[in-house]
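Report on the structure given below.
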Number of protein chains: 2
Amino acid sequence: MLEGAMAQVIQSDTAVEATDPRILRSRRMLMDALIKLLNEKEFEDISVQEIADAATLNRATFYLHYPDKNALLQAMTAARFRELIARRGLSFTDCDGALRAIALGVCDYLSETTGCPSQLTKMPLEGSIIPAVEGMFREGASKHEARPAVDSEMLGTAAAWAMFGAARRWLQTPGRVSAEEMAGQIEAMVKPILMSGAV
Amino acid sequence: MLEGAMAQVIQSDTAVEATDPRILRSRRMLMDALIKLLNEKEFEDISVQEIADAATLNRATFYLHYPDKNALLQAMTAARFRELIARRGLSFTDCDGALRAIALGVCDYLSETTGCPSQLTKMPLEGSIIPAVEGMFREGASKHEARPAVDSEMLGTAAAWAMFGAARRWLQTPGRVSAEEMAGQIEAMVKPILMSGAV
DNA sequence: TCAATAAATCGACAGGTGTCGCGTAAGCAT
DNA sequence: ATGCTTACGCGACACCTGTCGATTTATTGA
């Protein structure tokens with residue numbers, strides 16, 4: 001119970017928002033180091049020692065911030081995805097536009113981060129993107145003062161997983177269509193889920 | 001390219017179906033050993049050495065069958081899930097019944113395997129259950145001689161992810177409803193996805 | 001039955017992982 | 001400026017991982 005809570009605090013990092021400049025600097029350097037290494041080799045082939053070296057930090061310092069390299073990747077992914085979405089404005093005033101924009105964001109982010117080298121979108125990503133998308137749906141649902149037949153949280157979860165799964169498959173398809181077109185298809189598939197909450 | 005194909009062969013195991021009694025015996029013992037250990041501790045806290053010891057096999061023998069412990073868990077999960085579904089008949093004659101049955105299967109399987117001890121449904125499971133569910137949707141779609149507006153494969157993927165994500169969330173909910181009721185909710189959420197393929 | 005084939009065992013290896021205690025130095029508050 | 005707090009560096013630890021070559025044991029087909 002307690003351990004779980006602690007791990008959560010460490011992983012989410014934004015719990016106390018961390019103001020100490022040394023902490024901010026270390027985490028920034030670790031993320032930059034990982035980004036640099038990801039351009040050279042696969043994530044699985046990167047050791048914590050390499051990340052620490054590239055960040056000019058001690059390996060022990062790494063573990064002071066993240067329990068393992070997956071946690072670093074996850075934190076990085078979540079931050080970059082949120083930033084990408086935020087940069088695009090994404091007003092929740094009209095729902096249809098927002099849904100399509102989120103879908104496009106997921107597609108763009110996946111193709112951006114897994115660009116040419118790594119062929120398969122790995123699991124750690126799911127732990128960071130899906131919760132972020134769920135959060136957006138939650139925010140969107142709150143504007144609706146919904147009367148959920150099922151449970152708006154559950155709808156958001158199902159929609160987020162469907163969206164991510166579809167985007168993931170799209171990315172792995174050889175002769176894939178454009179991200180914009182895929183976003184349209186995803187919108188068509190996912191919208192009915194969110195609608196099914198209406199009594 | 002070649003390495004990937006090899007790994008696939010090793011992981012899927014059912015490629016040549018493996019008739020050698022020594023192989024069957026070893027894999028059975030490894031799976032039984034893992035099941036036994038999972039009742040005592042978390043998957044992450046189990047080492048390959050422990051699995052091999054519990055199976056009264058040499059550690060090197062383990063690597064003769066699976067590239068790592070995740071592969072073993074995945075193979076085990078996929079086999080047990082397929083078996084659970086198969087045991088329930090699950091005729092694809094009427095679509096609505098099948099969809100609900102699959103949803104119930106996922107819920108039951110998750111609650112069965114992650115019973116009391118481990119609190120969170122871990123990622124390796126996704127790699128085994130989701131593809132299995134996708135396969136069922138693929139089979140179901142083939143009976144429909146569909147004229148897909150989007151792409152029936154993509155619809156199946158989105159539906160499988162939505163279903164798994166919802167079931168996963170349900171499992172983690174403290175005061176959760178019955179598996180049967182949840183299966184009904186999942187059916188309601190997912191059906192529109194599969195329908196959205198119609199022109 | 002016997003030889004060919006292939007699985008299982010054994011010991012050992014070069015790495016990687018996560019954690020510790022202890023000392024140094026950077027940041028912060030009074 | 002001064003002392004308290006805390007991040008960081010350092011070295012070392014026990015353990016786990018994935019792989020190898022050499023040997024023994026079981027299975028299968030002729």
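In what follows, chains carry the letters A, B, and so on, assigned in the order in which the sequence lines appear, proteins first and then strands, with residues in each chain numbered from 1.
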Nucleotide [N], atom [atom2] - distance to [atom1] of [X] in whole Å:
X	N	atom1	atom2	answer
A:Phe62	C:dT19	CZ	C1'	14 Å
A:Glu44	D:dT17	CD	P	16 Å
B:Leu64	D:dA22	CG	P	17 Å
B:Phe43	D:dC16	CZ	C1'	14 Å
A:Asn70	C:dG16	CG	P	16 Å
B:Lys69	D:dC15	NZ	C1'	13 Å
B:Asp68	C:dG15	CG	P	21 Å
B:Gln49	C:dG16	CD	C1'	17 Å

Report task. Search all heavy atoms of B:Trp170 against all heavy atoms of B:Val177 and return the closest pair with its distance. Result ->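 Result for this residue pair: NE1-O, 3.0 Å.
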Query raised in the report: Side-chain N or O of B:His65 less than 4.0 angstrom from OP1 or OP2 on C:dA7?
Result: no
Query raised in the report: Between B:Tyr63 and D:dG18, is there a side-chain N or O to OP1/OP2 distance below 4.0 Å?
Result: yes
Query raised in the report: Does any N or O in the side chain of A:Ser178 come within less than 3.5 Å of the main-chain N or O of A:Glu181, such that one atom is a donor and the other an acceptor?
Result: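 Yes: the side chain of A:Ser178 pairs with the backbone of A:Glu181.
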Nearest 0.5 Å please: distance from the [atom1] atom of [X] over to the [atom2] atom of [Y].
X	Y	atom1	atom2	value
B:Leu37	B:Phe43	CG	CZ	10.5 Å
B:Leu99	B:Met163	CG	CE	5.0 Å
A:His65	A:Met29	NE2	CE	11.0 Å
B:Tyr66	B:Leu30	OH	CG	6.5 Å

Query raised in the report: Taking side chain as C-beta onward, heavy atoms only, is A:Met189 less than 4.5 Å from A:Ile186?
Result: yes
**Report entry** Angle between terminal axes - the helix from C:dT1-D:dA30 to C:dT30-D:dA1, 5 pairs each end, rounded to 10°
**Finding:**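 End axes: 40° apart.
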Query raised in the report: How are the rings of B:Phe81 and B:Tyr109 set to each other: parallel, tilted or perpendicular (split at 30° and 60°)?
Result: perpendicular
**Report entry** Pairs flagged by salt bridge (charged side-chain N to carboxylate O under 4.0 Å, His left out) wherever residues 49-60 of chain B is involved - sequence neighbours left out
**Finding:**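 Listed once each, the pairs are B:Lys41-B:Glu50.
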Polar pairs (N or O, both sides) under 3.5 Å between protein and nucleotides 9-14 of chain D?
residue: D:dG9; atom: OP2; partner: A:Asn58; partner atom: N; Å: 3.0
residue: D:dG9; atom: OP2; partner: A:Thr61; partner atom: OG1; Å: 2.5

Report summary line: The salt bridge (Lys or Arg N to Asp or Glu O under 4.0 Å) partners of A:Arg25 (sequence neighbours excluded) come to none
Query raised in the report: In chain order, what residues pass the salt bridge (Lys or Arg N to Asp or Glu O under 4.0 Å) check against B:Glu153, with sequence neighbours excluded?
Result: A:Arg169, B:Arg138
Protein-nucleotides 25-30 of chain C N/O pairs closer than 3.5 Å?
residue: C:dA26; atom: N3; partner: A:Arg22; partner atom: NH1; Å: 3.1

